[in-house]
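To find a chain, count down the sequence lines: A is the first, B the second, and so on, and within it residues start at 1.
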Amino acid sequence: MNFEERLRQLSAEAKKAISMAQDALALLHAEKRFLGRKGSLTVLLKELATLPAADRARLGVIANATKQTLERSLQDRKNAFGDVGKTQGFDPTMPGRAIRRGHIHPLTQTIRRLVEIFRTMGFEVVEGPEVELETYNFDLLNIPADHPARDLQDTFYVAGGKNRVLRTHTSPVQLRAMETRRPPVRLIVPGRVYRHEATDASHEAAFFQCEGLVIDRGIKLTDLFGTIDALLKAFFGIDVRTRAQASYFPFVEPGAEISMSCLLCHGKGCPVCKQSGWLEMMGCGMVHPTVLKNMRVDPKIYSGFAFGMGIDRLMLLKYGIGDVRLSYAGDPRFLKQF
Amino acid sequence: MRLSLSWVQTFLTKIPEPELLAEQLTIAGIPVERIERTTIPSTVVVGRVLSVSQHPNANRLRVARVDLGKGRHEQIVCGAPNLAADQRVAVALPGTTLPNGASITTATIRGTASAGMICAEDELGLGSDHTGILVLEQNVEIGRPLAGVLGRDETVLDLEVTPNRADCLSVLGCAREISAITGAKLLFPKEKQKKDGALSPKVLKVRVEEKRACPWYGARVVEGVHRMPSPDWMQARLRASGIRPLNIVIDVTNYVMLELGQPLHAFDARALPDRKLVVRNARAGERLLALDGKTYDLAPTTLVIASSKKPVAIAGIMGGEESGIQENTTSVILEAAVFDAKNIRLTSKRLGCASESSYRFERTVDPHMTARALDRAAQLLVELAHGTCVRGSAVVGAKPKKPVAIKVSSDRVNAVLNLHLTPPAIARLLKRDGCTVTGAGRSFRVTPPSWRRDLVLEEDYLEEVGRIYGYPKLPLSMPVGTLVASELPPLWRLKESFTDALAAFGGTECKHYPFYDEKRAQLFGLDVNAHVRVVNPLSHEQALLRLQLLPILLKKSGVASREDSMLFWYEIGRCFRESGQAQPDEHEHIAVVTVGPDSYRTLKGVITAALEMLHVPKETVAWQTGETRYGPGQMVTLGGKTAGHCSALSPTLRDHHKFRQEVTVAELQLEPILAVQGEGRYEALSPFPALRRDLAFWLSEDVPFADVEKALAAIDPLLVDHELFDVYLSKNRRSLALRLTFQSKERTLTSAEIDTIMQKITATLSKTVHAEMRTE
C-alpha cells in the first residue's frame with residue numbers, strides 16, 4: 001500500500017475507534033494508539049519527509065487535514081465524556097470563588113416586607129415632607145400648643161420659616177394625603193421621624209415609622225385590631241398573638257396600643273418584654289372626629305382608623321438585634337450580615 | 001405616678017394581686033411600667049445614735065455609737081452627712097441582706113470596727129433618696145424591727161398616666177379606676193356638708209383679680225401648729241409615692257394632694273402681716289425667690305399669690321422661699337385653688353419651673369374636690385400637729401359648673417366596637433366609670449363624673465365602654481370595602497430599583513443620621529446657609545440637616561475602609577435645602593463611595609449600568625468633565641439637567657478621611673432621573689449579523705477618551721457600538737483596545753465594506769487624536 005492508501009486506512013480505523021469508545025478511558029487509549037507520540041498515524045506522518053518532493057506537498061495537505069479531523073472528533077468525544085486526561089489541578093472541594101455580593105440594609109428590607117404585606121391588603125404607599133409645619137405635625141392632629149399632649153413627643157425645631165419642626169411622627173402625612181384623596185382610603189406612610197431625646201439601645205433621635213390610615217363607611221375599631229393582627233402574623237409568623245389595650249393619642253378616639261406576644265419567651269415573661277410577656281408594638285385608634293373634619297371628611301358618614309408603628313423596632317425583633325444604634329452606625333460587620 | 005397598693009387598698013373592698021392588677025390597669029389604658037416590692041428585712045432595727053466622732057483615718061467617715069435596745073450598744077462607721085447624735089435611725093445588723101442585694105457583715109473599715117450599717121432610704125428600698133440616712137421620729141421604740149414601725153411590706157405600681165387621665169394622679173382616682181375595671185366597691189364617703197361659714201376678714205382677706213386664670217380660690221387658717229415630724233405611716237406613704245417627708249405642714253399638703261389629687265399650698269401667716277392675700281398677675285420687674293432656691297423673673301402674664309406688698313408664690317407652681325413653712329412656723333395659711341390649666345402650663349414652660357402641683361394643674365384638677373381637700377388638710381393639721389383651725393374658710397369663686405351631658409347611641413357603640421350589647425348593659429358599664437346615665441331606649445344621655453374632664457364626645461364614651469368591657473375581649477375583624485388598585489409612587493419605585501441595582505453590583509447599603517455640623521459642611525465647601533438648621537440639636541455636631549449624603553457617608557466609609565480595602569457603599573435618602581419658603585426643599589439622593597484601584601471607572605460603570613437598568617435612554621445622559629467640590633471628575637446631566645457628579649476624591653479629602661487608597665464618590669438626585677426614565681421598550685432585533693473588529697492604538701495621555709468617542713461618532717452610521725476592553729499605561733501614553741461593532745438593519749455587511757470603514761477609522765483617529773495604530 002502506498003502512503004495515501006495507508007493514510008486512508010489508518011484514518012478509517014481511528015475514526016471507528018474514536019466513535020466506538022464507550023468512556024473517557026477507552027477514548028484515551030484510542031488517542032494514544034493513533035495520535036500519541038508513537039501512535040500509528042504519528043509514525044506514518046513522519047514518513048512524509050521521505051517522500052519525493054513532488055508528492056510531499058500534496059500529501060502533506062491531505063495528511064494534516066486528516067489529522068485535524070481526527071483531533072476534532074476526538075475533542076468532541078472528550079467533551080462528551082469529560083476530560084479524565086486533564087484532571088490536574090481540578091479540585092471540586094475548593095471553595096467557590098468569593099463573589100462580592102451586595103447588602104441591603106435591614107431597615108430597607110423591613111420596610112419592603114411591610115409594604116409588601118400592606119399592599120396585599122389594598123394599601124397604597126404615600127410619602128411626605130420630613131421638615132413639617134407645626135400645623136400639620138400638631139394642630140390639625142388635635143394637639144394644641146397649650147396641651148400637655150405636646151410633651152409626649154419631644155420636638156426638634158427648625159430655623160427659618162415660622163413653626164417648622166422635624167416631624168415627630170408620620171401622622172401629618174395623613175392630612176397631606178387627604179388633601180388630594182376622598183374615601184375610601186387605605187394608605188401607609190413609611191418614613192423617617194425625629195424625636196428630641198437621648199439615644200440608647202432602644203431609642204434613636206431619628207428613626208423610621210410606618211403610619212397607616214383607613215377611611216371608609218362603617219370602619220370599626222375591631223377592623224383596626226384585625227388588620228394589625230394580620231400584619232404581625234404575616235411579618236413574624238402565624239404563632240404570634242396580639243393584644244389591644246386602651247391608650248391615649250390626641251388624634252384618635254377611641255385610642256389603643258397593640259402589643260404582641262414576646263417572640264423570645266412566647267408570653268412567659270423575660271427581660272426583653274420586662275417580664276410582661278408582651279411587646280408594645282404601636283399606638284393606634286379610630287381617627288378623631290376633629291381630625292376627620294380637618295381632612296374635610298364627614299364623621300357622620302365615614303369612620304376610619306390610623307396607626308403608627310416603629311419600623312426600627314420591627315427590625316430589631318425580626319433580626320434579633322439588641323441595639324438600635326447599630327443600624328445607623330455604619331459598621332461593616334453589621335451591614336454585611338444582611 | 002407611684003401608687004402604693006397598701007394605701008389604695010384602704011379605698012377599696014378588695015384588690016387583685018399586684019401582677020393581675022398591673023395587667024388589668026395596663027389593658028384599661030393606665031400602663032404599669034414597673035411593680036416595685038419592698039420588704040424590709042427583720043434584722044433592720046431602730047437604733048438611737050448616742051454619739052458621733054470623726055473617723056481617725058478617713059475625712060468623710062464618722063464613727064457612731066448606737067444604742068440598739070436591750071442594753072446592746074454597737075460602734076458603726078457611717079459616711080452620711082446628716083448623721084447626728086440623738087437621732088433614731090435604721091440599723092441593718094450584721095447578717096442582713098438589704099433589698100438592693102448588699103450583705104451586711106461585721107467589718108473593719110479603714111481600721112475601725114463597724115457592726116452593721118446605718119441605712120439610707122434607697123438602701124431599704126423605701127424610696128430613691130440617698131442624700132443621707134433615714135431619720136425616724138423621736139418617739140419610736142429603740143430596738144424595734146423597722147418593718148414593724150413603718151408598716152407591712154409595700155408594693156408600689158409605677159403608673160404611666162397619659163395626659164388625658166389627670167384623675168389618675170391621685171390615690172383616690174386610682175381607686176376609682178380600679179373599682180371601674182375590677183368591679184371592687186369604692187370606699188369613699190360622700191362629702192358631709194360640714195359648712196362652717198366664711199372666714200372672718202380680720203383673720204384673712206382674699207381678693208382674686210384674675211377670675212379666668214383662677215376661677216376658685218379657698219384658704220383656711222390653722223393656728224398653733226406644733227413643730228414635729230409627721231407620723232411614720234404618713235412618711236411611709238409619702239416615701240412610697242416618691243415624695244420626701246419634710247415637716248408636718250408640708251407633708252400634710254403633699255399627702256392630701258396625693259390622696260385626693262388637689263394640689264395645696266401652705267404659707268407661713270407671718271408672710272402676710274396685714275392678712276391680705278391677692279391673686280393677681282405679676283407686675284413688671286417683680287421677682288420671686290422660690291422654694292427650689294431659684295429666683296424667677298415674673299412676667300405680666302404670670303399669675304401670682306401676693307401679699308399687699310409683693311408676690312409670695314407663683315400660683316399653682318411653686319411657693320416663695322420667704323413665705324414658706326419655717327422651723328418655727330405656728331400659724332399656717334392653707335390654700336386650695338383651681339388654676340387655669342393653659343395658664344399654668346405656659347407659665348411653667350416659660351419659667352422652666354415645674355412641680356407636682358403644676359403637673360396636676362396643667363392636666364386639670366377636679367374642681368369639686370378643691371374645697372374638700374382644703375378641709376381635709378386643715379383637719380389633718382389639727383389631728384396630727386395639735387393645731388387649731390380658725391372657723392370658716394375664705395372662698396372666692398363661683399361653684400364649679402356641672403359637666404355637660406352627651407347623647408350616646410347604643411347602635412353606634414355596638415357598630416364601632418363590633419358588639420351586640422343591650423342599652424342597659426352599656427349603661428351599666430358607663431356607670432362603673434362614675435357616669436350618670438339617663439333615658440331609656442337605644443340612645444341615652446350620659447354625664448361624666450366631675451373628675452373625668454376628658455369625656456366630652458360620643459367617641460370618648462365609645463372608648464369608655466370598650467375599655468371597661470375590655471379591649472382584648474372584642475372580636476377581631478377586617479375592614480370590608482372597595483379595594484382600589486394603586487401603583488407605588490414613581491420615586492418610591494426608583495429608590496427601590498436603585499437599591500436593588502447597586503446591591504446587585506456588589507454595593508452595601510447604609511443608613512446614617514441625617515445631620516452634620518458647620519465644620520463638615522465647610523470641609524466640602526458647602527454653603528452653610530443653604531442648609532436647614534436645627535434650632536435645638538442634641539449636640540452641636542447635629543446642627544445642620546444634610547444637604548448632601550456624601551459628607552456623612554464619607555466619614556463613615558473612611559473608618560470602614562480600614563477593614564474593607566474594596567469598600568463599595570451607598571446610601572439613598574432625603575436631603576434638605578433651605579428655600580426661604582414655608583418648608584425647605586426636600587430631595588431624594590443616592591450617594592456611592594468606591595475604594596480601590598481603578599475605582600473611578602468602576603463607579604462610572606456602576607452608574608452607567610444602573611441608569612441603563614432604570615431605562616434611562618443613553619442619549620439623555622451626558623458626562624461633563626470638570627472639577628467638583630470632591631475632586632476631579634465629571635458632572636452627570638440627565639436630559640440637560642445636572643443630576644449630580646462622579647469624582648475622584650481629592651488627596652486632601654482622602655487623607656482627611658484616612659483612606660489609604662484611591663477613592664471615588666458620586667452623588668445623584670433622583671428626581672431628574674424620573675424625568676428622563678423611559679419605559680424599557682423592546683427594540684426589534686436586526687436579522688442581519690453584526691460584525692466585530694478589534695482596534696488597538698497608542699494615545700497620548702493628555703488626549704481624553706471622550707475625543708476618541710467624538711471622532712468615532714462622526715465616521716460611519718454602520719459603526720453602531722464600541723467597547724473599551726483593554727487599557728494600559730506606558731510612560732506618557734496609553735494603549736487602548738476597542739472592540740468595534742458594525743451592523744446594518746437592511747443587509748448583511750461584507751468584509752470588504754468593513755475594511756473600508758476600518759481604514760477610515762484609523763485615518764481619522766490618527767489625524768484627530770494623533771492615535772498611533774498598534775500593529776504588533
Identify which part of [X] has an atom lying under 4.5 Å from any heavy atom of chain B, answering side chain, backbone, both or neither.
X         : answer
Ile228(A) : neither
Glu127(A) : side chain
Thr155(A) : backbone
Pro190(A) : both
Glu204(A) : both
Phe334(A) : neither
Phe207(A) : neither
Pro129(A) : both
Val115(A) : side chain
Ala230(A) : side chain
Ile99(A)  : neither
Thr227(A) : both
Phe208(A) : side chain
Glu280(A) : neither

Distance (rounded to the nearest 0.5 Å) between [X] [atom1] and [Y] [atom2]:
X         : Y         : atom1 : atom2 : result
Thr290(A) : Leu457(B) : OG1   : CG    : 6.0 Å
Glu463(B) : Tyr248(A) : CD    : OH    : 10.0 Å
Asp331(A) : Lys556(B) : CG    : NZ    : 9.5 Å
Tyr513(B) : Arg192(A) : OH    : CZ    : 8.0 Å
Met121(A) : Met478(B) : CE    : CE    : 5.0 Å
His288(A) : Glu459(B) : NE2   : CD    : 7.0 Å

Pairs of heavy atoms under 4.5 Å with chain A: top-ranked of [options]:
options                                   : value
Ile35(B), Asp460(B), Leu483(B), Val532(B) : Asp460(B)
Leu538(B), Thr499(B), Ile30(B), Leu553(B) : Leu538(B)
Gly573(B), Gly580(B), Pro472(B)           : Pro472(B)
Asn536(B), Val559(B), Leu419(B)           : Asn536(B)
Phe568(B), Phe505(B), Trp569(B)           : Trp569(B)
Gly466(B), Ser557(B), Pro475(B)           : Pro475(B)

Side chains of [X] and [Y]: closer than 4.5 Å at any heavy-atom pair?
X         : Y         : result
Pro514(B) : Tyr194(A) : yes
Val535(B) : Val158(A) : no
Glu509(B) : Ile104(A) : yes
Arg186(A) : Ser486(B) : no
Val484(B) : Glu124(A) : no

Minimum heavy-atom distance [X]-[Y], with the two atoms named:
X         : Y         : value
Ser477(B) : Thr222(A) : OG-OG1, 2.8 Å
His103(A) : Ala503(B) : N-CB, 4.4 Å
Ala560(B) : Gly330(A) : CB-O, 4.5 Å
Lys220(A) : Val416(B) : CB-O, 3.6 Å
Pro489(B) : Val125(A) : CG-O, 3.2 Å
Ala244(A) : Tyr471(B) : O-CB, 3.4 Å

> Do Asp500(B) and Arg112(A) pass the salt bridge (charged side-chain N to carboxylate O under 4.0 Å, His left out) test, and can you show the C-alpha distance, the side-chain angles, and the key distance before you say yes or no?
Replying inline: CA-CA 12 Å; Asp500(B) 285 337; Arg112(A) 285 184 169 184; 2.9 Å; yes

Contact class of [X] relative to chain A, heavy atoms under 4.5 angstrom:
X         : value
Tyr570(B) : side chain
Ala504(B) : neither
Arg345(B) : side chain
Asn343(B) : neither
Pro537(B) : backbone
Ile572(B) : neither
Leu567(B) : backbone
Glu588(B) : side chain
Val480(B) : backbone
Phe515(B) : side chain
Phe576(B) : side chain
Leu462(B) : both
Lys555(B) : neither
Glu578(B) : side chain

Any ion pair linking [Y] and [X] (charged N to carboxylate O, less than 4.0 Å)?
X         : Y         : value
Asp564(B) : Arg100(A) : yes
Arg333(A) : Glu563(B) : no
Arg243(A) : Glu23(B)  : yes

>> Using side-chain contact (heavy atoms from CB on, under 4.5 Å), reason through Leu545(B) and Val131(A) one step at a time and then give a plain yes or no.
In response: CA-CA 10 Å; Leu545(B) 275 171; Val131(A) 177; 3.7 Å; yes

> When only pairs under 4.5 Å are counted, which of Glu257(A), His196(A), Glu132(A) shares the most heavy-atom pairs with chain B?
Replying inline: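 Heavy-atom pair counts peak at His196(A).
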
